[in-house]
Amino acid sequence: MLQERITGEGKVLLLAGGGKIYTDVAARFVRSERSLEDIAASPYSREIVRNILSSGHRAALEFDYFLFAVEGYSRVTETQLVRKRLASYLIKSGRAELNGKRAFSVVYPRNARDFSAPVRLPDGATVELTGRDLADISRQWYEAGVERGLPEEDLRYLKPQATEFKAIIGMNAHALHDWFSIRCCRNAQHEIRHLARTMLKLCREAAPDLFAGAGPSCVQLGYCPENRLQNPRCKGRIPTKDEALEILRAHGRGMTEDPTDEE
């Protein structure tokens, strides 16, 4: 039987992260002249974490690690997710032989599931099929292959991108800030944006100081770096990078020297 979910119904569980924050400890090691024991024993400093975030020098954020369990998202989102290599992924195997006991579960948008179109069959007949029909035909073909003894690692080549994936994901706070800036943006594909926003909500609850100001690039930078590709819903509300630079140039007119020049 086909198991199906609609995109936007995925689940994320925070397995580890938050609690004791190590970013301030790491930052102290760089500048403090005190002994290692004294630094490690120092009380947590919210101010140090805030300074790290506001300065943009975020290397110390790499010492706070977060672990997530994910299910109910499609292979479409998995493909986009693993483009971020500053992370660890353990994705549930689609190759292991389970003797036909593997659930054939798919995740797709409701409009794609319900869309119906004429499809020509090999015998020349034409039938009207929905997205759900195509997914269920794939399931029947897959299960028939298992019954005939074909290896599941070969049969999976014909599985749809709508196939559900489950994974354990690990990222440090620095990588998460970077990932949220891209995948929480309105230009991100809606399913991976749902994943990113769910992870961000969990991170804010677990470590609010570390993720103050985290979110899409416009939240972190104050402008949209997409420029002409800015999402239509943001136009007129958030300045683009070019618009922000023009404002700065107008403000700086009359300056006779480049403030970045050094003698």
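Just so it is clear, the structure is predicted and the values come from calculations on it, not from any experiment.
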Worksheet entry | Residue Arg58 excluded, over 12 heavy atoms near CZ under 6.0 Å | yes
Worksheet item: Are any side-chain N or O atoms of Gln230 and backbone N or O atoms of Cys224, one a donor and one an acceptor, separated by less than 3.5 Å?
Response: no
Item to complete: Ignoring hydrogens and angles, tell me if any N or O in the side chain of Asp24 forms a donor-acceptor pair with the backbone of Ser45 under 3.5 Å.
Response: yes
Worksheet item: Are any side-chain N or O atoms of Asp64 and backbone N or O atoms of Tyr22, one a donor and one an acceptor, separated by less than 3.5 Å?
Response: yes
Practice prompt. Can you see which heavy atom on Tyr65 is nearest to which on Ser88, and at what distance?
Written response: OH-OG, 3.5 Å
Discussion item. Show the nearest heavy-atom pair for residues Gly213 and Val219, with the distance to one decimal.
Written reply: O-CG1, 3.5 Å
Worksheet item: Just wondering, more than 12 heavy atoms not from Phe29 lying within 6.0 Å of its CZ?
Response: yes
Discussion item. Is the distance from the ring center of His177 to that of Phe211 below 6.0 Å?
Written reply: yes
Fill in: Reported CG-to-SG distance for the pair Asn231 and Cys218, which is rounded to 0.5 angstrom
10.0 Å
Worksheet item: Step by step, would you call Phe104 with Lys159 a side chain to side chain contact (heavy atoms under 4.5 Å, CB included)?
Response: CA-CA 9 Å; Phe104 199 98; Lys159 273 192 166 183; 3.8 Å; yes
Discussion item. So which atom in Glu164 and which in Arg75 form the shortest heavy-atom distance, rounded to 0.1 Å?
Written reply: O-NE, 4.1 Å
Fill in: Electrostatic pair Glu205:Lys201 at N-O distance under 4.0 angstrom
yes
Worksheet item: Side chain of Asn51, backbone of Ile48: donor and acceptor closer than 3.5 Å?
Response: no
Item to complete: Kindly say whether Leu81 contributes a backbone atom to a donor-acceptor pair with the side chain of Tyr89 at under 3.5 angstrom?
Response: yes
